[in-house]
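This report refers to the structure that appears directly beneath it.
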Amino acid sequence: MPLNVIACIKQTPATGAIQLDQKGEIVTSAMTYGISPLDEYALEEALRIKERVPGSWTAALTMGPAKAQEILRESIARGCDAVYHLSDDAFEGSDTYATSYILSQGIRKIIAEKGKVDLVICAKQASDGETGQVGPAIAAWLDWPNVSFVKKIEETTDKIIRVVRMMEDGQDVVEMALPALISVVKEIAEPRLPSLKGKMAAKKAVIPTWKAADISADAAKIGPGGSPTVILKKELPPKRSGGMKIDGATAQEKARKLVEKMKELKLL
Amino acid sequence: MLQTLDLEFTEEQKEIVNLSRQLAEKKIKPIRMKCDEEEHFPWEIVEELRKADLFGVYLPAEYGGLGGGNTELCLVTEEVAKVCGGIALCVAGTGLGTIPILLMGSEEQKKRWLPDLAGGKKLGAFAITEAEAGSDATALKTTAKKDGDHYILNGSKSFISNGEVAEIYIVFANANPAKGPRGITAFVVDKGTPGFTFGKKEQKMGIRANPTYELFFDNCRVPAANVLGGEGYGLFVAQATFDFSRPGVGAQAIGIAEGALDEAIHYIRVRKQFGQPIISFQAIQHMIADCATRIEAARSLLYNVNKGMDVVLKEAVSRSLASGKTVYQELRGLKPERLTKYSAMVKLFCSDVAMQVTTDCVQMCGGIGYMRDFPVEKYMRDAKVTQIYEGTSQMQRNEIAMMIIKEYATAAKAQAVAV
């Protein structure tokens, strides 16, 4: 039975590309952006369902500024059938509560257009906020069942999905009725690269952008006004002090020096 | 990565570069040392390249390609070779086995073989070299005896890249030994044809990720419909192919040089001797400057020649689609003089640059540069073959000089007639 699947993705600064100025503020001009690394796994699994279950349909959904269209184009290049962009100045400053509400309203509109959505896939968390709240909260707004930390989809039918959830002490196998939401971990599938033909198609694609009114979003539930979270203070983690660098021409030489040093410090 | 001059590539060509680079960095870099060490051919990378649509970038859209030309093929080869010159050969070697079909194939032949090659579903190979016929290809001993609507091939081929992994082989055999070189004929032979088997796998200095095999033909029956360009036209097929394929070796060579210099610079920026990073020594700086300058010059030559070639190639392809004549016939109509000189210059210059640069990179890195733990020595081993295959550097010089002598002789004759 074909499934309609949505991957929720977010544009974040590319990790490793973040530079801080002398005051410790992020240098935004030096930043490059991409799909939040863990979201790539959500997108990949959504695309694999399309390949496993003939006739299925896969879309990517994001909320963000105009620039966020870049990751939607990347999603088309990787093989998504459709992409949706939720963008409105009124969305700015939304916390996880408001963001999940906005995304759930977007999903409701997609359901209205497509007839049904069977599965929404999120990553366990984004690379910037790292809250891990948005996925389960979307399910709560939609009143759908959800499972987090999914490392494998064992089976899907038109009625149910059975998944393997990673736990600290082992793993659970959980079955839920569809429609449902899962949040996935890295183990689920290695993300693909786009294809050249996909990239060409992505360049030409016209991406639908929905504002607050398009998704019938309640003004009281979006933006700073709809966000109960208050950030009191931001600070950088303390810089690591001391330490020493072990140099050497080869890995073997460095290892030997490290062992010597550890012996000297009576750590070995 | 070393910055090189923006050569004004199109948006599509830039996408090809980005995608090839991404694929090489993410998928090839982690396995290249293992492939080299174990002489392992990475089918998983073939699959990645296939899914990314990178095999057919230079072929017309009518046959499943992306409609590019030599530039596109060279961009893919260069980017992959920056990470691994050996793995790049699965693309470049397939190009060498595909170009003869594109240039010399009839419409039926092109439709039969090109889509699978463009889609990366099948790899190609080119088999001209024999034990006694290297630089002197006319000395080849493999025979093709006509038997009804088939030819019966007997003989062997040596040092065939993409050997055993390719499905489609361009094989040169003499159909009329009495005519000498004018009996040489090009055949397309499918892997699995009865009587076509593989001999020993060669153990090589470099490009070890690509299998090099001996091929055997023992009463191998090949349909006459698989002859490219007609009986006795084999040397034309080979020459025309080399005119377009040699820049591919140049691209592989430049990629190897760029990759080696990049690895070397990363190391010499942090390697300290006499209390400072060795990149601060002028002796090292001058070597870097020479390496980068040579790379820049080689790249400019490569892509300039490609640009000129692609103009005539694309025009010939579109005329051939309309007229039903072969691309080669249309090419000769458009540009009677061959592109041999420029194509040979590209291969000669780029491969010499690759050898100079990779040797200097090993030198700049010192002891570690010589060790297998560090990739620079692999680049040097991979570079060497680019001065040898598809015509040694010495043969390229012969061809370049021969073309210049011909140019002057023709001009002198014309002048004599005018007087």
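Note on naming: letters A, B, ... go to the chains in the order of the sequence lines (proteins, then strands), and numbering restarts at 1 for each one. Just so you know, these numbers use all the heavy atoms, side chains as well, and skip hydrogens, waters and symmetry mates.
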Let me know if B:K27 has heavy atoms under 4.5 Å from chain A in its side chain, its backbone, both or neither.
side chain
Can you tell me if CZ on B:F374 sees more than 12 non-hydrogen neighbours from other groups inside 6.0 Å?
yes
Option that, when pairs with chain A are counted at under 4.5 Å, heavy atom only, ranks first among B:E11, B:K51, B:E12:
B:E12
Are more than 12 heavy atoms, taken from residues, nucleotides or ligands other than A:E155, located less than 6.0 Å from that residue's CD atom?
yes
Measure the CG-NZ distance between A:D247 and B:K272 for me, rounded to the nearest 0.5 Å.
6.5 Å
If you count heavy atoms of other groups shown closer than 6.0 angstrom to CD of B:Q363, is the number above 12?
no
In Å and rounded to the nearest 0.5 Å, what is the CD to CE distance from B:E15 to A:M200?
5.0 Å
What do you reckon, is CD of B:Q282 surrounded by more than 12 foreign heavy atoms closer than 6.0 Å?
no
For B:D373 against A:Q252, the heavy-atom pair lying closest together:
OD2-OE1, 3.7 Å
Part of B:V270 lying under 4.5 Å from any heavy atom of chain A
neither
Does CD belonging to B:Q285 count more than 12 external heavy atoms closer than 6.0 Å?
yes
Above 12 or not: heavy atoms from other molecules or residues under 6.0 Å from NZ of B:K307?
no
Bottom line for B:L66: the part with an atom under 4.5 Å from chain A's heavy atoms is side chain
Just verifying a value: how many Å separate B:L49 CG and A:L196 CG, rounded to the nearest 0.5 Å?
11.5 Å
Hey, is CZ on B:R269 packed in by over 12 heavy atoms from elsewhere, all under 6.0 Å?
no
Under 4.5 Å to a heavy atom of chain A? For B:I16 that would be both
Is the number of heavy atoms from other residues, nucleotides or ligands under 6.0 Å of B:H266 NE2 greater than 12?
no
Which heavy atom of B:I368 sits nearest to which heavy atom of A:A249, and what is that distance?
CD1-O, 3.1 Å
Non-hydrogen atoms of chain B under 4.5 Å away: do they reach the side chain of A:K199, the backbone, both or neither?
side chain
